[in-house]
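Heads up: the structure comes next, in structure tokens.
We're numbering straight along the sequence, starting at 1. Below, all heavy atoms of this structure are taken into account, side chains as well, without hydrogens, waters or symmetry copies.
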Amino acid sequence: MGSVRLNAFRQRRRIWLLLGWGMVASVVVLSLIPLDIDLRENRDKFAHFAAYGSMAFWFGMLFEGRARQAAIAIALAAMGVAIEFLQGMTDYRSFDVFDMIANGIGAALGWALAQTPLRNALAWAERLLDLPGRKP
């Protein structure tokens, strides 16, 4: 990123981080509260995949370096494993190894997307927010 774009990106970094941590908090809460949803035919696997992929990609846009981004994806996948064990301790949720697999695959895909030009999506969004003539 150029220095002007980087400075603009840093201005909103706290907002982007807050949104990312909001995603993490939402996943934790929604994973541990009682929910009455239809989980037949493994319908929840796509939700696991999408949630963990979105979080890994989001934080991959915020932190530079493949190793750091990989560590974030691994930490998110580990969080998914921990949540599954916590769910197994409740009488209203269930432990599912396939949920862990969906979480891990999602986190890996999110990491992979952060290695592409899509990693600049937040910078592109900020450029749109900073267009001349835009009223705050």
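Linking ILVMFWY side-chain heavy atoms closer than 4.5 Å, directly or via other members, places Leu18 and Phe57 in two distinct hydrophobic clusters. With hydrophobic clusters built from ILVMFWY side chains whose heavy atoms lie under 4.5 angstrom apart, Val81 does not share a cluster with Ile74.
The two residues Ala114 and Gly60 have their closest heavy-atom pair at CB-CA, 3.8 Å. Scanning all heavy atoms of the two residues, the minimum distance from Gly80 to Asn103 falls at CA-ND2, 3.5 Å. Shown here for Leu19 and Trp58, the closest heavy-atom pair between the two residues is CB-CZ2, 3.9 Å. Among all heavy-atom pairs drawn from Leu32 and Arg93, the shortest one is N-NH1, 4.0 Å. Between Trp16 and Leu62 the shortest heavy-atom distance is CB-CD2, 3.4 Å. Closest approach of Tyr52 and Val27 over heavy atoms only: OH-CG1, 3.6 Å.
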Given side-chain contact (heavy atoms from CB on, under 4.5 Å), test His48 with Ile101 step by step and report yes or no. CA-CA 9 Å; His48 284 267; Ile101 293 169; over 6 Å; no
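Remark: Ser94 OG to Asp99 CG distance equals 7.0 Å, nearest 0.5 Å. Atom-to-atom distance recorded for Asn120:CG and Glu126:CD is 11.5 Å, nearest 0.5 angstrom. Taken to the nearest 0.5 Å, the CD1 atom of Ile83 stands 10.0 Å off from the CG atom of Leu30. Between Leu17 atom CG and Phe63 atom CZ the span is 5.0 Å, to the nearest 0.5 Å. Here the CH2 atom belonging to Trp111 is positioned 4.5 Å from the CD atom belonging to Gln115, to the nearest 0.5 angstrom. Here the CE-CD1 distance, from Met55 to Ile72, works out to 12.0 Å after rounding to the nearest 0.5 Å.
Checking side-chain atoms of Gln69 against main-chain N and O of Phe59 turns up no donor-acceptor pair under 3.5 Å. Listed for the Glu84 side chain is a donor-acceptor partner under 3.5 Å among the backbone atoms of Asp96.
Remark: Phe85 CZ is loosely packed, at most 12 non-hydrogen atoms of other residues, nucleotides or ligands lying under 6.0 Å away.
Below 30°, between 30° and 60°, or above 60°: for Phe46 and Phe49 the angle between ring planes is between 30° and 60°, a tilted geometry.
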